Number of protein chains: 2
Amino acid sequence: MDAEKLLKKQQLKVTSQRKAIIRVLQNTDTVLSAHDIFSEVIKTLPGINFSTVYRNLDVLLSKGIVCRITPESGGVLYELRREDGHHHHVICKNCGASIPLEYCPMEDIQAKLMEKGFTPTEHRFEIYGYCEKCNKGGELNEPF
Amino acid sequence: MDAEKLLKKQQLKVTSQRKAIIRVLQNTDTVLSAHDIFSEVIKTLPGINFSTVYRNLDVLLSKGIVCRITPESGGVLYELRREDGHHHHVICKNCGASIPLEYCPMEDIQAKLMEKGFTPTEHRFEIYGYCEKCNKGGELNEPF
DNA sequence: CCTCCAATTGCAAAAGGTTTGCATTTGCAT
DNA sequence: ATGCAAATGCAAACCTTTTGCAATTGGAGG
């Protein structure tokens with residue numbers, strides 16, 4: 001779906017800034033920091049402000065258009081939410097590639113948690129490592 | 001194990017600051033922010049500096065004495081590592097209680113990842129929700 | 001017990017990332 | 001075409017974490 005439709009679907013105003021941000025996310029299969037996104041967006045939209053990027057990432061996140069990922073190593077990363085419904089990610093520490101994962105571990109232990117009286121509301125499951133490409137190639141580009 | 005033994009075991013110098021930090025972590029079953037830890041430590045060790053807390057949390061983390069947790073909501077939290085070996089956490093969003101979990105989802109999908117050519121190096125699995133106590137009680141104290 | 005050195009600490013300043021207030025601009029419903 | 005709420009740019013504030021440096025301290029070795 002193109003950026004404009006995505007925004008209208010969520011009843012968000014269609015601004016050039018929002019479209020640019022979404023396009024950046026659409027044109028990559030890697031996870032990006034707010035800074036990464038800003039650096040890309042400013043190429044097509046000189047003059048866009050950092051706070052606009054931050055504000056819009058928050059909006060897009062709250063509308064479910066993007067996902068937010070916080071690696072152990074620190075920082076916050078974003079990616080377009082491409083799949084409907086619940087899913088997890090496998091992320092390459094070398095190139096940042098993000099691979100969606102169907103599998104969800106919650107099913108396996110939901111019952112056990114309830115037994116203990118714990119009511120789960122959210123969970124996170126992320127896998128980090130090296131993708132097929134980076135496993136082989138050898139040289140490390142922009143690790144994080 | 002007491003703080004001093006814990007430090008000596010890892011061949012770290014035993015300082016009053018380190019002991020105080022560890023004791024704070026030993027006296028709770030909840031996850032704490034660096035700020036939380038500082039606020040507690042300063043009660044028993046007036047004059048301790050924030051940077052000392054940060055530096056030591058890093059040291060303790062690298063020695064495996066503490067765990068670091070980064071909730072979706074942001075921020076960085078620490079807890080004493082009480083279990084040997086690999087484990088995950090169930091965390092109460094209300095009181096911060098941290099419950100260790102034996103179950104690890106990696107076993108279930110390790111093979112599938114390798115098939116795809118992905119080499120996992122780290123992963124995280126955390127569950128957030130409300131513990132038995134907070135489920136019932138009702139009032140919310142220090143949510144995060 | 002004393003001495004000495006590397007490790008640790010306190011302090012202050014800087015760095016880094018993110019948020020906020022406000023005036024201006026812009027999308028879009030009417 | 002018009003008006004208004006929403007979005008943006010800008011600058012400053014904020015908060016958390018890191019860093020350089022001088023002073024202090026733990027503990028190994030004498």
Side-chain angles (χ1 to χ4, degrees), chain A residues 2-24 31-63 65-66 68-78 144, chain B residues 2-24 31-63 65-66 68-78 144:
Chain A
D2 75 340
E4 193 163 335
K5 277 188 187 162
L6 218 44
L7 289 167
K8 284 190 172 153
K9 198 178 185 180
Q10 298 298 330
Q11 308 173 56
L12 293 171
K13 277 196 181 178
V14 179
T15 67
S16 56
Q17 291 87 343
R18 283 176 181 169
K19 285 190 289 184
I21 291 170
I22 291 176
R23 286 204 199 99
V24 166
V31 287
L32 300 175
S33 67
H35 187 276
D36 294 337
I37 294 168
F38 176 76
S39 304
E40 276 305 308
V41 169
I42 205 167
K43 291 180 188 168
T44 64
L45 217 75
I48 190 175
N49 196 271
F50 228 123
S51 53
T52 301
V53 173
Y54 274 110
R55 277 190 282 233
N56 279 317
L57 286 172
D58 282 348
V59 171
L60 298 179
L61 184 67
S62 72
K63 292 292 186 177
I65 295 176
V66 303
R68 173 190 245 168
I69 291 178
T70 57
E72 195 82 51
S73 55
V76 180
L77 303 170
Y78 297 88
F144 63 94
Chain B
D2 75 341
E4 192 162 335
K5 277 189 187 161
L6 218 43
L7 289 167
K8 283 191 172 153
K9 198 180 189 182
Q10 298 298 331
Q11 307 173 56
L12 292 172
K13 275 195 181 179
V14 178
T15 67
S16 56
Q17 293 86 342
R18 284 176 179 169
K19 285 191 289 184
I21 291 169
I22 291 175
R23 286 204 199 100
V24 166
V31 287
L32 300 175
S33 67
H35 187 276
D36 293 337
I37 294 167
F38 176 76
S39 304
E40 276 305 307
V41 169
I42 206 168
K43 290 180 188 170
T44 63
L45 217 75
I48 190 174
N49 196 271
F50 228 123
S51 54
T52 301
V53 173
Y54 274 108
R55 278 190 282 233
N56 279 317
L57 286 172
D58 282 349
V59 171
L60 298 179
L61 185 66
S62 74
K63 293 290 188 178
I65 296 177
V66 303
R68 171 190 246 170
I69 292 179
T70 58
E72 196 83 50
S73 54
V76 179
L77 302 171
Y78 297 88
F144 65 95

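Because the structure is predicted, anything quoted here is derived from the model rather than measured. Numbered from 1 within each chain, the chains take letters A, B, ... in sequence-line order.
Proximity of B:Q17 to the phosphate of D:dT25: no side-chain N or O atom is located under 4.0 Å from OP1 or OP2. Between A:N56 and D:dT8 there is a side-chain polar atom (N or O) within less than 4.0 angstrom of OP1 or OP2. The side chain of A:T52 contributes an N or O atom lying less than 4.0 Å from OP1 or OP2 of D:dG9.
Within 4.0 Å (heavy atoms only), A:G47 reaches sugar-phosphate atoms of the nucleic acid but no base atom. Nucleic acid contact class of A:V14 (heavy atoms, under 4.0 Å, all strands): sugar-phosphate only.
DNA chain C is contacted by both B:S51 and B:R18; B:R18 maps to the nucleotide lying nearer its 5′ end (nearest heavy atom per residue). A residue-by-residue look at B:R68 and B:S16 shows that B:R68 has its nearest nucleotide of DNA chain D further toward the 5' end. The residue among B:N49 and A:R55 whose nearest nucleotide of DNA chain D is located toward the 5' end is A:R55.
We find that CG of B:D36 is positioned 10 Å from P of D:dT16, with the value rounded to whole Å. Here the P atom of nucleotide D:dA7 and the CG atom of A:L57 are 14 Å apart, to the nearest Å. Between the C1' atom of D:dA7 and the CG atom of A:D58 lies a distance of 14 Å, rounded to the nearest Å. A:L45 places its CG atom 16 Å from the P atom of D:dA7, with the value rounded to the nearest Å. D:dA7 atom P lies 10 Å from atom CG of A:L7, rounded to whole Å. Atom CG of B:L12 and atom P of D:dA28 are 13 Å apart (whole Å). A:Y54 places its OH atom 18 Å from the P atom of D:dA11, with the value rounded to the nearest Å.
Extent of DNA chain C lying under 4.0 Å from chain A heavy atoms, first and last nucleotide in 5' to 3' order, is C:dG17 to C:dC28.
One finds the OG1 atom of A:T15 at 7.5 Å from the CD1 atom of A:I48 (value rounded to the nearest 0.5 Å). The line from CD of B:Q17 to CZ of B:R55 is 10.5 Å long, rounded to the nearest 0.5 Å. In this structure, A:T52 OG1 and A:L57 CG are separated by 10.5 Å, a value rounded to the nearest 0.5 Å. The distance from atom CD of A:E40 to atom CD1 of A:I21, rounded to the nearest 0.5 Å, is 12.5 Å. The structure places OG of B:S62 at 7.5 Å from CG of B:L60, a figure rounded to the nearest 0.5 Å. How far OG1 of A:T70 is from CD1 of B:I69: 11.5 Å, rounded to the nearest 0.5 Å.
Looking at A:R18, its side chain does come within 3.5 Å of a backbone N or O of A:K13 through a donor-acceptor pair.
You'll find the side chain of B:K9 stays beyond 4.5 Å of the side chain of B:K63, heavy atoms only.
Among the nucleotides D:dA5, D:dT19, D:dG26, the one closest to any side-chain atom of B:T15 is D:dG26.
Side-chain contact, A:D36 with A:S33: a donor N or O sits under 3.5 Å from an acceptor N or O.
For the side-chain contact (heavy atoms from CB on, under 4.5 Å) criterion with A:K19, the lone passing option out of A:L6, A:L7, A:V41, A:T44 is A:L7.
The rotation axes computed at either terminus of the helix from C:dC1-D:dG30 to C:dT30-D:dA1 lie 40° apart, taking five pairs at each end and rounding to 10 degrees.
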